[in-house]
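What follows is a set of notes on a single structure, which appears directly below.
Chain letters run A, B, ... following the sequence lines, proteins first and then strands; every chain starts at 1. Not measured: the values here are computed from a predicted model.
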Number of protein chains: 2
Amino acid sequence: MRDDPDFDVRMFLPYLLNQAAEAASLEFQNVYKDRYGMLRNEWRVLFHLGIYGRMTASDIGARAQMHKTKISRAVQRLAERRYLVRTRDEADRRVEHLDLTKMGQKVYSDLRSTARDYDTALVEGLSEEDANRLRTQLIALAARRG
Amino acid sequence: MRDDPDFDVRMFLPYLLNQAAEAASLEFQNVYKDRYGMLRNEWRVLFHLGIYGRMTASDIGARAQMHKTKISRAVQRLAERRYLVRTRDEADRRVEHLDLTKMGQKVYSDLRSTARDYDTALVEGLSEEDANRLRTQLIALAARRG
DNA sequence: AGGTAATAGTTGTATTTGTAACTAACAAGG
DNA sequence: CCTTGTTAGTTACAAATACAACTATTACCT
């Protein structure tokens with residue numbers, strides 16, 4: 001048991017996931033970085049706002065499983081670049097609503113279409129069934145608790 | 001095309017991979033961190049030495065697709081903790097050979113067996129066939145160039 | 001041999017991230 | 001109302017990372 005020769009750490013799922021995630025992120029990272037000077041967390045916040053429309057930082061945190069400090073800083077930078085605007089909620093003044101500006105929406109739309117093309121390239125070679133199963137499995141792993 | 005309503009960024013493969021990788025790494029990260037004060041890069045270097053035996057930093061870099069500065073610093077810390085020893089190659093004095101110490105091997109062996117248990121928990125719910133297909137797909141994604 | 005390029009590995013500095021502590025605003029119970 | 005607790009979001013400081021520049025050594029080429 002202790003020295004199970006049948007377990008090869010090279011097949012360790014967290015390791016494989018990290019390798020694949022890094023490789024897959026690499027190219028697209030350059031897209032939003034070079035085109036818009038954005039960091040990964042900024043792209044994530046941007047695309048959540050693009051999909052869902054108006055959200056608060058906490059909403060984004062819950063959806064994206066991102067820590068609030070990451071979001072806080074991403075929002076700050078996106079606001080500086082005028083990709084989003086912040087509106088304080090007058091009913092509950094702790095809360096801030098975030099909305100993409102016109103410019104932010106254009107950026108989102110451009111990145112989304114680039115992302116779609118890139119995604120297509122990534123699953124090239126997989127059947128549609130395999131690709132869907134892969135996504136489903138990844139979602140299950142991400143949702144896992146405990 | 002530009003605003004393809006059929007492409008949902010939430011299904012974007014790099015995003016799903018990152019979410020899954022982060023979730024999957026989280027727990028195991030605490031194991032090597034709490035038990036041995038190790039960082040992820042150190043664990044990676046350690047396990048490569050555990051699998052392959054004596055290697056150089058460049059060898060590890062090639063296998064693990066890690067940048068040489070990461071390896072350099074990981075090796076430094078592993079050497080400080082006496083988990084590995086460095087031996088200069090007398091034929092080519094630029095090169096340094098890395099070997100796990102007895103202690104390093106014990107740590108590796110402990111972490112490996114914990115990793116195996118954790119891996120089993122992660123693929124719980126998947127058939128053996130599905131789990132193998134998943135690993136294969138991840139390896140292919142990691143190997144992808146261009 | 002002598003000069004140029006390549007390779008192994010380290011170090012310096014600027015960014016980024018993680019953790020914890022913080023401010024501000026609201027909620028709830030007495 | 002007033003204390004205690006909770007939630008939204010920010011900030012400060014330590015730790016980690018990326019990238020480029022560096023040293024030392026070997027290889028290549030003429």
Item to check | Derivation of the side-chain hydrogen bond (donor to acceptor under 3.5 Å, both in side chains) call for B:Arg35 and B:Asn30 | outcome: CA-CA 8 Å; B:Arg35 290 224 270 260; B:Asn30 290 334; over 6 Å; no

Next on the checklist: From the set C:dA8, C:dT17, D:dT11, return the single nucleotide nearest to any side-chain atom of A:Leu39.
Outcome noted: C:dT17

Item to check | Parallel, tilted or perpendicular: rings of A:Tyr32 and A:Trp43 (30°, 60°) | outcome: parallel

Checklist entry - For the ring pair A:Tyr15 and B:Phe47, is the centre-to-centre distance below 6.0 Å? => result yes

Next on the checklist: Mind checking if A:Arg40 touches a base, just sugar-phosphate, or nothing, with heavy atoms under 4.0 Å?
Outcome noted: nothing

Checklist entry - Would the number of heavy atoms belonging to other residues, nucleotides or ligands and lying under 6.0 Å from CD of A:Glu124 be above 12? => result no

Checklist entry - Do the rings of A:Phe28 and A:Tyr118 sit parallel, tilted or perpendicular, given the 30° and 60° boundaries? => result parallel

Item to check | Spacing of A:Ile60 atom CD1 relative to D:dT7 atom C1', expressed in whole Å | outcome: 17 Å

Next on the checklist: Could you tell me how far apart A:Asp59 (CG) and D:dA8 (P) are, to the nearest whole angstrom?
Outcome noted: 9 Å

Item to check | For atom NZ of A:Lys70 and atom C1' of C:dG18, their distance in whole Å | outcome: 9 Å

Next on the checklist: Considering every strand and a 4.0 Å limit on heavy-atom distances, what is the contact class for A:Thr56: base, sugar-phosphate, or nothing?
Outcome noted: sugar-phosphate

Next on the checklist: Given the ring of A:Tyr52, does A:Arg63 sit roughly above its face, with NZ or CZ under 6.0 Å from the centre of the six-membered ring and within 45° of the axis?
Outcome noted: yes

Checklist entry - Can you tell me how far P of C:dT11 sits from NE2 of B:His67, to the nearest Å? => result 15 Å

Checklist entry - Ion pair present between A:Arg135 and A:Asp119, side-chain N to carboxylate O less than 4.0 angstrom? => result yes

Item to check | Rounded distance (Å) that lies between atom P of D:dT17 and atom NZ of A:Lys33 | outcome: 16 Å

Next on the checklist: Please classify the nucleic acid contact of B:Arg86 as base, sugar-phosphate, or nothing, using heavy-atom distances under 4.0 Å.
Outcome noted: sugar-phosphate

Checklist entry - Can you check the A:Asp89 CG to D:dA8 P distance for me, whole Å? => result 12 Å

Checklist outcome for this item: Among D:dT10, D:dT17, D:dA20, the one nearest any side-chain atom of B:Asn41 is D:dT17

Checklist entry - Hey, does the side chain of B:Ser72 come within less than 4.0 Å of C:dG9's phosphate (OP1/OP2), counting only N and O? => result no

Next on the checklist: For a quick test of reading the model: is some side-chain N or O of B:Ser58 closer than 4.0 Å to OP1 or OP2 of C:dG9?
Outcome noted: yes

Checklist entry - Across the strands shown, which category fits A:Ile71 at heavy-atom distances under 4.0 angstrom: base, sugar-phosphate, nothing? => result nothing

Item to check | Residue mapping more 5' on DNA chain D - nearest nucleotide basis, B:Lys68 or B:Arg73 | outcome: B:Arg73

Checklist entry - So what does A:Arg77 touch, heavy atoms closer than 4.0 Å: a base, only the sugar-phosphate, or nothing? => result sugar-phosphate

Checklist entry - Whole Å only: how far is the CE atom of A:Met38 from the P atom of C:dT16? => result 13 Å

Next on the checklist: Using a strict threshold of under 4.0 Å (side-chain N to carboxylate O), is an ion pair present between A:Arg133 and A:Glu128?
Outcome noted: no

Checklist outcome for this item: Comparing nearest nucleotides in DNA chain C, the 5'-proximal residue of the pair A:Thr69, B:Gln76 is B:Gln76

Item to check | Atom pair distance, as rounded to whole Å: CE in B:Met66 and C1' in C:dA8 | outcome: 16 Å

Checklist entry - Quick one, which residues of residues 91-98 of chain B touch DNA chain C with a heavy atom under 4.0 Å? => result B:Arg94, B:Val95, B:Glu96

